[in-house]
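Comments concern the structure below.
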Amino acid sequence: MTERAKIVAAWSALGFIWGSTYLALRVGVLTFPPFLMAGVRFLIAGVALLFIARARGAQFPRGRSAYAALCLTALLLMVGGNGGTTWASQKAPSSLVGLLGSTSPLMIGFLSLFLPGSERLKPVGWAGLALGLVGLGVLLRPSGGAPIGPAALGCGIAVVCWSAGSLLSRHRAPKCDAMASNAIQMLIGAVVLCAMGLITEHGLKQPLNWPALAAVAYLTVVGSCVGFTLFFWLLARVPAAKVATYAYVNPVVAVILGWAVLHERITGATLLGAAVTLAGVILTNAGRAAAPALISAPIPEPAAPE
């Protein structure tokens, strides 16, 4: 399989996997407190990946600066990004959280303006940002249902943190094996999230049940071990903005699964807002000027021994 084919396959798998995690998050947080659930998920996945990476003879990062960079990206991606999304999942349907999370390419396009050497937006990119904001306005309009302000706040924090962490991972991450990097960042995120949960959360919301346990198992094995490894592998080879286009797939998967499994209501306004937002995301990514070659070149990853 060619390198391009591997990238396409990894991107497709990532889009479906992380689109399906919104359903699992929603099921899980109906029983488990969100920060502790996310922390335990990353703790188990991080330990498992750490052992696998060592067994493979993977190259681990070296030096204080490398670990400092991993700490920063772990706080942004695992704690702010995933922790914020998990918290928001208890406040709104999985389909809406998935749709709000799909705006990360818009935020990456905006944040790229402030990162030296990143891709710059052309006029069509600015038009995409504006269109995306209009779509968000439709999605977040006041309605007769449950208030979505808390969910919007949680998703907003998550999107900002996730986008900043993606850019930093692309441009500042130490050169090391993707699985090793993933394991370290998960363990850092697990410590912080578990501490947050122990301080702010109090026990189960309802008796332990098999759907909640299955959701956490899926999030741990598929969402964390497989999904994050694919994510960091892609970031080492493709610009962050292009990796973030998995967000084209995420909301479609999230909406379909939320409707089919949890019987979440989908209105015409929701579909309109989703279509406008995704159109804005596509235009934003299409309206990027090329970054300098030195910055946009893929970061080489040491090959694992056979």
Side-chain angles (χ1 to χ4, degrees), residues 14 17-43 45-46 70-108 110-111 132-133 136 139-140 146-169 182 185-201 205 215-216 219-220 223-224 227-228 231-232 240 243-244 246-247 250-251 254 258 277 281:
L14 184 64
I17 289 171
W18 277 356
S20 64
T21 56
Y22 291 103
L23 170 65
L25 286 174
R26 179 64 175 171
V27 173
V29 296
L30 294 177
T31 298
F32 296 104
F35 294 139
L36 276 175
M37 186 181 84
V40 170
R41 161 195 176 186
F42 285 137
L43 179 62
L70 289 177
C71 282
L72 179 57
T73 53
L75 291 174
L76 290 169
L77 293 171
M78 308 299 175
V79 179
N82 193 274
T85 301
T86 304
W87 182 87
S89 295
Q90 64 184 338
K91 305 292 183 180
S94 62
S95 54
L96 178 61
V97 175
L99 288 169
L100 295 177
S102 72
T103 60
S104 58
L106 298 177
M107 182 56 63
I108 286 178
F110 177 73
L111 294 179
L133 291 176
L136 278 175
L139 286 174
L140 297 176
I148 58 175
L153 175 62
C155 287
I157 293 172
V159 166
V160 172
C161 291
W162 185 266
S163 301
S166 298
L167 286 169
L168 288 175
S169 291
N182 190 6
Q185 291 179 85
M186 282 187 181
L187 291 174
I188 294 170
V191 171
V192 177
L193 286 165
C194 284
M196 292 170 60
L198 290 172
I199 293 171
T200 64
E201 297 171 340
K205 300 176 182 178
V216 174
L219 289 168
T220 301
S224 296
F228 274 96
F231 177 69
F232 287 116
V243 176
Y246 66 78
N250 276 11
T277 301
V281 168

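In this text, all values refer to a predicted model and were calculated from it rather than measured experimentally.
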Can you name the closest pair of heavy atoms from [X] and [Y] and give their distance?
{"X": "A88", "Y": "A151", "answer": "CB-O, 3.7 Å"}
{"X": "R41", "Y": "S224", "answer": "NE-OG, 2.6 Å"}
{"X": "L99", "Y": "P251", "answer": "CD2-CB, 3.4 Å"}
{"X": "A158", "Y": "G81", "answer": "CB-O, 3.2 Å"}

Show me, pair by pair, the donor-acceptor contacts under 3.5 angstrom made by side chains of residues 22-33, not counting sequence neighbours?
residue, atom, partner, partner atom, Å
R26, NH1, S89, O, 2.8
R26, NH1, A92, O, 3.3
T31, OG1, Q206, NE2, 2.9
T31, OG1, N209, ND2, 2.9

Expected output: side-chain S163 to main-chain V160 donor-acceptor under 3.5 Å: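 Flag not set: sc S163 to bb V160 has no pair under 3.5 Å.
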Please verify the inter-ring angle class for F42 with F228; under 30° counts as parallel, over 60° as perpendicular, anything in between as tilted.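 Ring orientation, 0 to 90° scale: perpendicular.
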Parallel, tilted or perpendicular for W162 and W18, by the 30°/60° rule?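 The rings of W162 and W18 stand perpendicular, inter-plane angle above 60°.
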With rounding to the nearest 0.5 Å, note down the distance linking [atom1] in [X] to [atom2] in [Y].
{"X": "I17", "Y": "N250", "atom1": "CD1", "atom2": "CG", "value": "10.5 Å"}
{"X": "C161", "Y": "N82", "atom1": "SG", "atom2": "CG", "value": "11.5 Å"}
{"X": "T220", "Y": "L43", "atom1": "OG1", "atom2": "CG", "value": "9.5 Å"}
{"X": "T277", "Y": "L136", "atom1": "OG1", "atom2": "CG", "value": "4.5 Å"}

With side-chain hydrogen bond (donor to acceptor under 3.5 Å, both in side chains) as the rule and sequence neighbours excluded, what pairs involving residues 95-105 come up? S95-E264
Does L167 form a side chain to side chain contact (heavy atoms under 4.5 Å, CB included) with I108? I'd like the steps, not just the answer. CA-CA 7 Å; L167 286 169; I108 286 178; 3.9 Å; yes
Chi angles and distances behind the side chain to side chain contact (heavy atoms under 4.5 Å, CB included) call for F35, T86: CA-CA 7 Å; F35 294 139; T86 304; over 6 Å; no
Quick check: do S166 and L77 have side-chain heavy atoms less than 4.5 Å from each other?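 Answer yes - side chains close enough.
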Flag the pair V159 / L100 as yes when at least one side-chain heavy-atom distance between them is below 4.5 Å, and no otherwise.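 A side-chain contact under 4.5 Å is absent here.
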Determine all donor-acceptor pairs shorter than 3.5 Å in which one atom belongs to a side chain in residues 185-197; sequence neighbours excluded.
residue, atom, partner, partner atom, Å
Q185, OE1, T73, OG1, 2.6
Q185, NE2, S181, O, 3.3
Q185, NE2, S181, OG, 2.9

